[in-house]
There are 2 protein chains.
Amino acid sequence: MIGARVRGLREEKGISLSALARLAGVGKATLSGLENGTRNPTLETLYAVTAQLGVPLTAVLAEPAAAPTVHGAAVHATVLEVFTDADATYELYRMRVSPGTGQLSPAHQPGVTEHVTVFSGVLRAGPADAPSTAAAGGYLRWDSDVPHSYAAVGDEEVTASLLLRYPRR
Amino acid sequence: MIGARVRGLREEKGISLSALARLAGVGKATLSGLENGTRNPTLETLYAVTAQLGVPLTAVLAEPAAAPTVHGAAVHATVLEVFTDADATYELYRMRVSPGTGQLSPAHQPGVTEHVTVFSGVLRAGPADAPSTAAAGGYLRWDSDVPHSYAAVGDEEVTASLLLRYPRR
DNA sequence: AACCACCGTTCCGTAAACGGAACGCCGTGG
DNA sequence: CCACGGCGTTCCGTTTACGGAACGGTGGTT
């Protein structure tokens with residue numbers, strides 16, 4: 001599954017397995033085995049690869065505790081970073097919302113807030129009974145202790161960053 | 001360096017190397033080598049150990065030093081992601097601001113905007129002549145075509161995400 | 001003292017992750 | 001048509017991370 005993430009990131013960059021192996025200074029056999037999950041890579045190997053992909057190691061490591069990716073009818077989100085401090089835990093996602101049907105998410109714990117900055121497209125999101133709208137460069141924030149919705153306005157896919165803040169209990 | 005973190009976490013728990021190795025199901029030689037940095041562990045090994053320590057893998061992984069970073073007197077930022085679409089280019093940073101002296105950044109091109117979500121601490125930032133303040137969970141946004149400043153309020157380090165938006169010219 | 005339990009390191013044979021080279025496959029072009 | 005280059009996979013010899021067993025050191029008990 002970490003192999004799938006590496007492969008996904010690589011294909012997103014439009015670069016071949018051979019080229020990435022060359023750039024990262026690892027054997028093609030190594031990278032092939034890593035992507036296919038038939039090897040158990042060392043940190044050194046994994047770091048060489050992720051560094052060339054321009055992402056932190058954490059971007060490809062599955063977190064059993066927190067939901068690494070959130071899938072839904074319209075929303076696809078991948079974790080960029082998880083951060084914990086004395087007061088709260090933060091999860092930073094890269095989010096895509098497909099045009100068409102929206103998506104409804106159930107309520108989180110009280111105190112949880114969501115913060116969205118829109119990269120491209122127009123997003124309508126927030127509490128299910130009172131969503132707001134933001135275009136590229138815009139920002140939305142809401143308390144997510146009630147059911148909330150996400151939807152792309154128009155027929156363009158929305159790209160955004162989503163920050164989830166879980167206060168310490 | 002990752003070995004030092006593992007050792008620190010283990011000693012924090014007041015548990016011996018032998019005991020942790022037994023719990024995690026790895027050899028004492030393996031754990032010893034890992035803590036002393038004389039081995040280059042596989043993911044499997046590292047995960048077995050961190051799981052017994054009760055921390056996520058990310059807790060012991062050093063921040064990727066090879067990632068592009070922007071340094072300043074008080075601000076330290078690393079790129080998480082760069083994204084380009086038809087209208088603009090976005091750069092998403094993880095940012096830390098040290099307490100004490102603030103930092104002044106020169107103006108960017110007209111139309112460039114900055115968006116900050118604070119993770120921890122209290123940040124005062126924005127146009128140099130009219131900065132705003134935000135605490136953990138707060139959000140700031142400003143047009144950065146004028147000189148702008150960043151400063152930590154109080155003596156706690158600020159952690160935040162910074163999104164820079166460069167409209168297409 | 002001797003004994004014991006446990007500590008962390010080192011030694012060593014085995015298992016496996018490594019890189020390089022070969023392989024088959026597929027578009028391009030002479 | 002058949003080279004040719006680049007692709008991803010597989011084969012294979014080398015390197016090295018692995019666990020078990022020894023080792024010396026330390027503190028507690030009799």
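Basis for what follows: all heavy atoms, side chains included, without hydrogens, waters or symmetry-related copies. The sequence lines fix the lettering, A, B, ..., with proteins before strands; numbering per chain opens at 1. What you see is a predicted model, and the numbers here were worked out from it, not measured in a lab.
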Backbone of B:Leu46 reached by a side-chain donor or acceptor of B:Thr50 within 3.5 Å:
yes
Rounded to whole Å, the CZ-P distance (A:Arg22 to C:dC18) equals 19 Å
Please determine whether a side-chain nitrogen or oxygen atom of B:Arg10 lies at a distance below 4.0 Å from atom OP1 or OP2 of C:dG8.
yes
Assert: residue with more 5' nearest nucleotide on DNA chain C, out of B:Gly33 and B:Ser16, is B:Ser16
How would you label the contact of B:Thr30 with the nucleic acid (heavy atoms, under 4.0 Å): base, sugar-phosphate, or nothing?
base
Is the backbone N or O of A:Glu35 less than 3.5 Å from a side-chain atom of A:Arg7, with the two atoms forming a donor-acceptor pair by type?
no
A:Leu31 has an atom CG; how far is it from atom P of D:dT9, in whole Å?
9 Å
In terms of ring plane angle, is the pair B:Tyr150 and B:Trp142 parallel, tilted or perpendicular, where the classes change at 30° and 60°?
perpendicular
Separation of A:Leu20 atom CG from D:dG8 atom C1', in whole Å?
13 Å
Write down the distance between CG (B:Leu17) and C1' (D:dG19), rounded to a whole number of angstrom.
14 Å
Regarding the side chain of B:Val26, the nearest nucleotide among D:dG19, C:dG19, D:dG8 is D:dG19
Are any of the side-chain heavy atoms of B:Glu114 and B:Leu163 separated by less than 4.5 Å?
no
For residues 35-46 of chain B, which residues have at least one heavy atom under 4.0 Å from DNA chain C?
B:Asn36
Between B:Lys28 (NZ) and D:dA21 (P), how many Å, whole number?
11 Å
Where the side chain of B:Ala29 is defined as all heavy atoms beyond and including C-beta, which of C:dG19, D:dG19, D:dG8 is the nearest nucleotide?
D:dG19
So, does A:Arg10 use its side chain to make a donor-acceptor pair with the main chain of A:Ile15 at under 3.5 Å?
yes
If only atom types and distance count, is the side chain of A:Asn40 paired as donor or acceptor with the main-chain N or O of B:Glu44 below 3.5 Å?
yes
So how far is it from A:Lys28 NZ to A:Thr30 OG1, rounded to the nearest 0.5 Å?
12.0 Å
Taking 4.0 Å as the cut-off, does a side-chain nitrogen or oxygen of B:Ser32 come that near to OP1 or OP2 on C:dT9?
yes
